[in-house]
There are 2 protein chains.
Amino acid sequence: MTTPVDLEDLAEITDMCGALSDQTRWEILRLIGVEALSASELAQRLPITRQAIARHLGVLAEAGLVETEHAGRQLRYRALGGRLSELARHLETIGRGWDRRLERIRSIAEEQASRD
Amino acid sequence: MTTPVDLEDLAEITDMCGALSDQTRWEILRLIGVEALSASELAQRLPITRQAIARHLGVLAEAGLVETEHAGRQLRYRALGGRLSELARHLETIGRGWDRRLERIRSIAEEQASRD
DNA sequence: CGTTACTGCAACCTACTAGTTGCACCTGGA
DNA sequence: TCCAGGTGCAACTAGTAGGTTGCAGTAACG
């Protein structure tokens with residue numbers, strides 16, 4: 001079980017979005033979203049070096065988007081879908097907040113206009 | 001009405017996440033999520049120059065997260081909550097996909113184990 | 001019609017990031 | 001016990017991103 005982080009911090013949202021703002025990292029996530037893979041295994045399937053991949057995995061791990069699993073002498077990573085859903089829920093809430101406030105302002109403006 | 005972009009492209013997701021990976025841009029979004037503001041007005045409320053803010057607004061506009069409105073001689077920006085919700089729905093779908101596949105693999109493994 | 005306030009563009013600096021190469025260090029298997 | 005495959009750390013380079021200053025353009029308001 002992963003610790004249930006509530007993702008209140010703005011810094012945590014920006015970190016996760018930063019981790020998700022790189023196409024190479026999405027390639028990695030796509031692969032380890034299907035099955036757990038090590039950095040070396042990922043390096044065989046992607047056109048960059050193992051070290052670069054390891055650093056990407058570090059970024060993803062710091063954002064909480066992956067978890068690790070030891071398998072013999074290798075360290076396998078898997079993508080955490082629940083974490084992504086958590087971010088999605090927060091963005092949804094914020095987005096609805098923006099539209100709600102603007103609608104309220106708009107309705108006030110219309111009310112004002114109809115009064116004149 | 002904004003054009004209904006379906007956000008299929010991976011590049012579009014990475015662009016939006018990139019736009020949302022900066023704390024200053026979140027400050028801007030928070031302000032123009034309440035009321036439409038111009039770059040100059042934002043510069044009065046934030047500790048950076050108008051030019052820096054204008055560039056942030058450019059990034060946000062390219063990601064489709066803001067829309068503009070002319071008011072006299074100034075150009076006001078407002079945050080588009082629907083666009084953020086759109087991104088949220090896609091992330092939610094992707095996240096569920098990861099967990100679903102891993103659960104399937106896990107259940108297959110358990111089935112295999114129970115068969116022996 | 002002139003002035004003033006707001007926008008837009010360009011150059012520059014600094015810091016960070018994605019990528020590389022190279023090497024040291026384990027640790028598991030024959 | 002050896003060694004080979006896997007991981008981790010460090011240094012270096014090129015490109016990009018956030019910030020600044022400065023100036024040119026333009027359109028609204030008195």
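Chain letters run A, B, ... following the sequence lines, proteins first, then strands; residues in each count from 1.
- Of the two residues contacting DNA chain C, namely A:Arg25 and A:Gly72, the nearest-nucleotide position lying further toward the 5' end is that of A:Arg25.
- With B:Arg25 contributing its side chain and B:Gly18 its backbone, the two residues share a donor-acceptor pair below 3.5 Å.
- The nearest whole Å value for the distance from the CZ atom in A:Arg73 to the P atom in D:dC3 is 14 Å.
- Salt-bridge formation is not detected for the pair A:Glu41/A:Arg45: no Lys NZ or Arg NE/NH1/NH2 atom is positioned less than 4.0 Å from an Asp or Glu carboxylate oxygen.
- Both B:Ala54 and A:Thr49 sit near DNA chain C, but only B:Ala54 has its closest nucleotide nearer the 5' end.
- On the nucleic acid side, DNA chain C contacts chain B at distances under 4.0 Å to non-hydrogen atoms, with the end points of that region at C:dT4 to C:dC9.
- Looking at B:Ile53, B:Leu65, B:Val66 one by one, the single match for side chain to side chain contact (heavy atoms under 4.5 Å, CB included) with B:Ile28 turns out to be B:Ile53.
- Distance CD1 (B:Ile53) to P (D:dG19): 9 Å, rounded to an integer number of Å.
- To the nearest angstrom, P of D:dT13 lies 21 Å from CD1 of A:Ile48.
- Of the side-chain N and O atoms in A:Ser38, none sit less than 4.0 angstrom from OP1 or OP2 of D:dG6.
- Summarising the geometry, the separation between CD on A:Glu41 and P on D:dG5 is reported as 14 Å, rounded to the nearest angstrom.
- Residue order along DNA chain D, read from the 5' end via each residue's closest nucleotide, puts B:His56 first among B:Arg50 and B:His56.
- Judged purely by atom type and a 3.5 angstrom limit, B:Asp99 has no side-chain atom pairing as donor or acceptor with the backbone of A:Leu80.
- The CG atom of A:Leu42 sits 13 Å away from the C1' atom of D:dG6 (whole-angstrom rounding).
- Counting to the nearest Å, the P atom of D:dG19 and the CD atom of B:Gln23 are 11 Å from each other.
- Taking atom CD of residue A:Glu69 and atom C1' of nucleotide D:dG6, one finds them 16 Å apart after rounding to whole Å.
- Put simply, A:Ser40 has a side-chain N or O that comes within less than 4.0 Å of OP1 or OP2 on D:dT7.
- Proximity of B:Arg55 to the phosphate of D:dT20: no side-chain N or O atom is located under 4.0 Å from OP1 or OP2.
- Judged purely by atom type and a 3.5 angstrom limit, A:Arg76 has no side-chain atom pairing as donor or acceptor with the backbone of A:Glu35.
- Listed for the B:Trp26 side chain is a donor-acceptor partner under 3.5 Å among the backbone atoms of B:Leu20.
- For A:Gln51, the listed nucleotide lying nearest its side chain is D:dG8; candidates were D:dG18, D:dT7, D:dG8.
- Other residues, nucleotides and ligands contribute only 12 or fewer heavy atoms inside 6.0 Å of the CD atom of A:Glu62.
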